[in-house]
S.K.: 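Input: one structure, supplied below.
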Amino acid sequence: MKDPQKNLSSRWPELIAAGLLLIAVLRIISTYRALSQAYDEPATVATGMEWIDKGTYLIDPFHPPLARIAGAIGPYLSGIRLGPIRMLEDERGASADVFGMGDDILYAGDHYWRTLTLARLGMLPFFILGTLVVFLWTREIAGGMAGGFAVLLFTTIPPMLAFSGFAYTDMPVAMLVAASVYAFTHWLKHPTLKRSIVFGIFSALAVLSNFPAFLFLPACWLAAIAAWLWLADQSQDKSEDKGNFKWKRWLIQAVWAALVFFAVVWGGYRFSIQRLSNIYAKPAEDVKALHVSSAVKHVLNLAVAIDAPVPAPPLLRGFSSALISNAHGRPSYLFGQIRHGGWRYFFLIVVGVKSPLPFLILVLVGIVSSLLIARRERQWTLLVPGLCGIAVLLASTTAKVNYGRNILTVYPFLAVVAGLGAAQLWNATEQRRIFSRAMLALLLGWLVISTTRIHPDYLTYSNELAGRHPERVLLWGCDYDCGQDAGRLVKLLQERNVPNVSLSVFTTAELAKLGSPPFRNLAPYERATGWVAASERMLLTGDAFWGHEHVDAYRWLLECEPVARAGKTIYLFYLPCHPAQDQERRNAVLPRVIPEN
């Protein structure tokens with residue numbers, strides 16, 4: 001008969017990991033009613049609702065459907081449906097009013113906070129999956145203690161907590177890319193049909209979550225193959241078929257994985273199929289606009305010539321639009337500069353500033369330790385997480401759309417490495433054990449305190465390197481201000497009995513439906529009196545985010561001392577005002593608009 005006490009003691013890493021995951025989930029859920037909708041959440045809900053309710057995916061295929069479906073399924077099960085599809089006309093032509101239709105869903109029946117909560121709950125399964133992958137992967141290569149440390153580190157990373165609390169597509173793809181690479185390491189050891197199916201499914205789900213998977217998955221697979229070719233011991237690895245190089249087996253299983261991948265991706269688009277002439281009004285011109293190799297263009301031109309039927313047409317439309325968008329670039333913000341097309345080092349800065357410093361220190365310890373141990377013991381799997389993290393950062397240098405949330409994919413890999421680093425400090429040699437464990441305790445204490453005290457404002461978190469004004473380092477693309485404090489603004493206006501207010505606020509929320517007093521939106525450079533509320537990004541960069549040139553349109557408000565603050569990103573003023581006390585903020589340098597690099 002098994003000893004229950006002994007069985008329990010052997011499972012303590014799993015129990016600790018489960019407890020840490022539960023705490024993280026509660027932290028995420030507790031942000032739902034504190035933070036109103038982030039800017040793109042209505043679009044997520046509307047497009048996901050179209051897939052569920054209408055059985056189509058046409059109004060905005062710029063992102064794949066999986067994460068959007070997850071964000072819409074809760075509102076759908078509560079009885080809400082997508083209303084009539086509305087179109088908007090602007091200088092670029094006609095487009096669906098996804099934000100307006102999404103707001104109709106969120107505010108339906110005057111149950112805004114409940115519906116928003118239901119939408120955000122759809123993201124939790126992805127976060128749980130990612131945490132499970134981090135734990136299993138770390139435990140497999142470094143033991144249960146390292147797995148527990150990895151979960152602690154992963155579930156306290158502010159960007160992960162922030163985007164696990166929003167109905168966005170960026171966190172799901174990060175978790176599924178990690179799951180795909182973890183499955184790939186097992187497949188690479190011994191490619192069986194079961195492992196091929198699992199690998200194909202996770203890879204397909206990653207692609208169905210967001211298009212950056214097309215960039216990060218190949219980079220990570222190549223990193224894993226490089227580690228395998230370098231360190232796998234052919235003489236002792238015969239059980240894994242590497243000694244005999246049975247390439248035929250690998251090829252057959254790769255075909256199975258590819259077939260599963262294709263079937264799942266196509267199924268994600270409801271097995272739709274159309275001819276090119278029905279997908280694009282002018283297919284030849286659209287092919288010409290793509291920034292791809294001449295060989296790929298040649299194949300596409302042949303397909304255009306025969307008007308080939310295409311499976312999953314929204315996938316083709318969305319992916320081609322994403323390629324064109326990345327080639328043209330978008331305005332980005334970094335260190336008080338605005339550049340169309342971004343910076344090659346942008347995402348390195350994001351990881352360096354938005355990650356807790358104790359976490360980064362443990363990542364460095366883990367990278368050094370994994371390299372030394374892997375070379376000494378020829379354990380190639382130890383190198384894969386670190387190499388994947390590096391591969392993701394290198395691949396991100398090709399992106400001209402610089403939004404920090406696009407690099408969330410790096411965090412599961414870095415968490416595995418950091419967990420290994422923490423375990424190495426804990427298990428240091430006897431001569432160094434006291435010092436190493438004291439250092440580890442200091443780092444973990446620093447991490448927990450610094451990432452708990454900012455609750456629920458995980459989105460605005462920056463580490464100590466950003467200084468007193470982190471908004472001057474990163475601001476756009478939900479790196480700081482994503483409209484999440486609009487609900488807090490309404491509550492503040494109600495508490496102060498503000499009769500009416502002038503606004504310069506970055507949000508897609510319908511403030512009147514949230515209970516705001518009468519308001520009007522300030523035009524650029526328009527000076528107002530009385531109550532005025534302004535977002536951080538509007539104060540610092542005006543309407544430059546939308547491609548306009550009124551960078552300093554609302555900076556005159558920086559001369560005033562705010563009466564109050566709604567959350568971290570919106571200031572409330574009463575004019576005429578008292579001069580601003582924060583001279584550093586008052587004298588902030590005007591953002592410099594520089595051409596594309």
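Heavy atoms only: backbone and side chains are in, while hydrogens, waters and symmetry mates are out.
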S.K.: Apply the side-chain hydrogen bond (donor to acceptor under 3.5 Å, both in side chains) test between R405 and each candidate in N210, D479, D170, T169; give the one that qualifies.
M.R.: D170
S.K.: Between E50 and L82, is there a donor-acceptor pair closer than 3.5 Å when you use the side chain of the first and the backbone of the second?
M.R.: no
S.K.: Short question: side chain of N406, backbone of P212 - any donor-acceptor pair under 3.5 Å?
M.R.: no
S.K.: Just how far is it from atom CH2 of W380 to atom OG1 of T185, taken to the nearest 0.5 Å?
M.R.: 5.5 Å
S.K.: Name the orientation class of the two ring planes belonging to W221 and F184 (parallel below 30°, tilted from 30 to 60°, perpendicular beyond 60°).
M.R.: tilted
S.K.: Does a side-chain heavy-atom distance below 4.5 Å link I69 with I52?
M.R.: yes
S.K.: In this structure, are over 12 heavy atoms from other groups packed under 6.0 Å from I73 atom CD1?
M.R.: no
S.K.: More than 12 foreign heavy atoms under 6.0 Å from NZ of K54: is that the case here?
M.R.: yes
S.K.: Could you walk me through whether Q253 and L193 satisfy the side chain to side chain contact (heavy atoms under 4.5 Å, CB included) test, starting with their C-alpha distance in whole Å, then the side-chain angles of each, then the deciding distance to 0.1 Å, before giving a yes or no?
M.R.: CA-CA 6 Å; Q253 294 304 325; L193 179 59; 4.1 Å; yes
S.K.: Show your reasoning for whether side chain to side chain donor-acceptor pair (under 3.5 Å) applies to W426 and S436.
M.R.: CA-CA 6 Å; W426 181 263; S436 295; over 6 Å; no
S.K.: Does atom CZ of R432 have more than 12 heavy-atom neighbours, drawn from other residues, nucleotides or ligands, at distances under 6.0 Å?
M.R.: no
S.K.: Specify the closest pair of heavy atoms between V45 and A72, including all atoms of both residues, with the distance to one decimal.
M.R.: O-CB, 3.6 Å
S.K.: Would you please classify the geometry between the F163 ring and the F166 ring as parallel, tilted or perpendicular, with 30° and 60° separating the classes?
M.R.: perpendicular
S.K.: Is the backbone N or O of S321 less than 3.5 Å from a side-chain atom of S325, with the two atoms forming a donor-acceptor pair by type?
M.R.: no
S.K.: List the atom of R275, the atom of P309, and the distance in Å for their closest heavy-atom pair.
M.R.: NH1-CD, 3.5 Å
S.K.: Is any side-chain heavy atom of F211 less than 4.5 Å from a side-chain heavy atom of L315?
M.R.: yes
S.K.: Once you round to the nearest 0.5 Å, how far does CG of L20 lie from CZ of F135?
M.R.: 10.0 Å
S.K.: Return the CZ to OG1 distance between F347 and T397, rounded to the nearest 0.5 Å.
M.R.: 10.0 Å
S.K.: Is the closest side-chain heavy-atom distance between R375 and W230 below 4.5 Å?
M.R.: yes
S.K.: With a cut-off of under 6.0 Å to the ring centre and 45° to the axis, is R68 in cation-pi contact with W51?
M.R.: no
S.K.: Measure the acute angle between the ring planes of F214 and F319, then classify it against the limits of 30° and 60° as parallel, tilted or perpendicular.
M.R.: tilted
S.K.: Count the heavy atoms of every other residue, nucleotide or ligand shown that sit under 6.0 Å from CH2 of W256, and state whether that count exceeds 12.
M.R.: no
S.K.: Over all heavy atoms of both residues, which pair between P64 and V207 is shortest? Give the atoms and the distance, please.
M.R.: CG-O, 3.2 Å
S.K.: Could you state the interatomic distance from CG (L22) to CG (L26), rounded to the nearest 0.5 Å?
M.R.: 4.5 Å
S.K.: If you define the side chain from C-beta out and look only at heavy atoms, does anything of L153 sit under 4.5 Å from L444?
M.R.: yes
S.K.: Apply side chain to side chain contact (heavy atoms under 4.5 Å, CB included) to residues S369 and V365 and explain how you reach the verdict.
M.R.: CA-CA 6 Å; S369 300; V365 174; 4.0 Å; yes
S.K.: Would you name the heavy atoms of A415 and A150 that are closest together and state the gap between them?
M.R.: O-CB, 3.5 Å
S.K.: Measuring only between side-chain heavy atoms, which start at C-beta, is K400 closer than 4.5 Å to R330?
M.R.: no
S.K.: Would you say that I407 contacts V410 through its side chain, given a criterion of any heavy-atom pair below 4.5 Å between the two side chains?
M.R.: yes
S.K.: Minimum heavy-atom separation for L66 to S209, with atom names?
M.R.: CD2-OG, 3.5 Å
S.K.: Could you state the interatomic distance from CZ (F154) to CZ (F359), rounded to the nearest 0.5 Å?
M.R.: 9.0 Å
S.K.: Begin from the C-alpha positions of K354 and N463 and carry the test side chain to side chain contact (heavy atoms under 4.5 Å, CB included) through to its verdict.
M.R.: CA-CA 6 Å; K354 301 293 282 187; N463 64 34; over 6 Å; no
S.K.: Roughly how far apart are I201 CD1 and L208 CG, rounded to 0.5 Å?
M.R.: 11.5 Å
S.K.: Show, in sequence, the C-alpha distance, side-chain angles and deciding distance for K248 and L251, and conclude whether the side chain to side chain contact (heavy atoms under 4.5 Å, CB included) test is met.
M.R.: CA-CA 5 Å; K248 182 178 179 180; L251 181 59; 5.7 Å; no
S.K.: Less than 4.5 Å apart, side chain to side chain, heavy atoms only: is that true for L362 and F149?
M.R.: no
S.K.: Could you tell me whether the side chains of Y411 and S355 share a donor-acceptor contact shorter than 3.5 Å?
M.R.: yes
S.K.: So, do R120 and E41 sit near enough that their side-chain heavy atoms are less than 4.5 Å apart?
M.R.: yes
S.K.: H186 and E140: side-chain donor and acceptor closer than 3.5 Å?
M.R.: yes
S.K.: So which atom in M123 and which in A167 form the shortest heavy-atom distance, rounded to 0.1 Å?
M.R.: CG-CA, 3.9 Å
S.K.: Indicate yes or no for a side-chain donor-acceptor contact from N427 to the backbone of A423 under 3.5 Å, with no hydrogens or angles considered.
M.R.: yes
S.K.: Around atom CH2 of W266, are there more than 12 heavy atoms of other residues, nucleotides or ligands at under 6.0 Å?
M.R.: yes
S.K.: I'd like to know if the side chain of Y168 reaches the main chain of D40, judged simply by a donor and an acceptor atom lying under 3.5 Å from each other, with no hydrogens or angles considered.
M.R.: yes
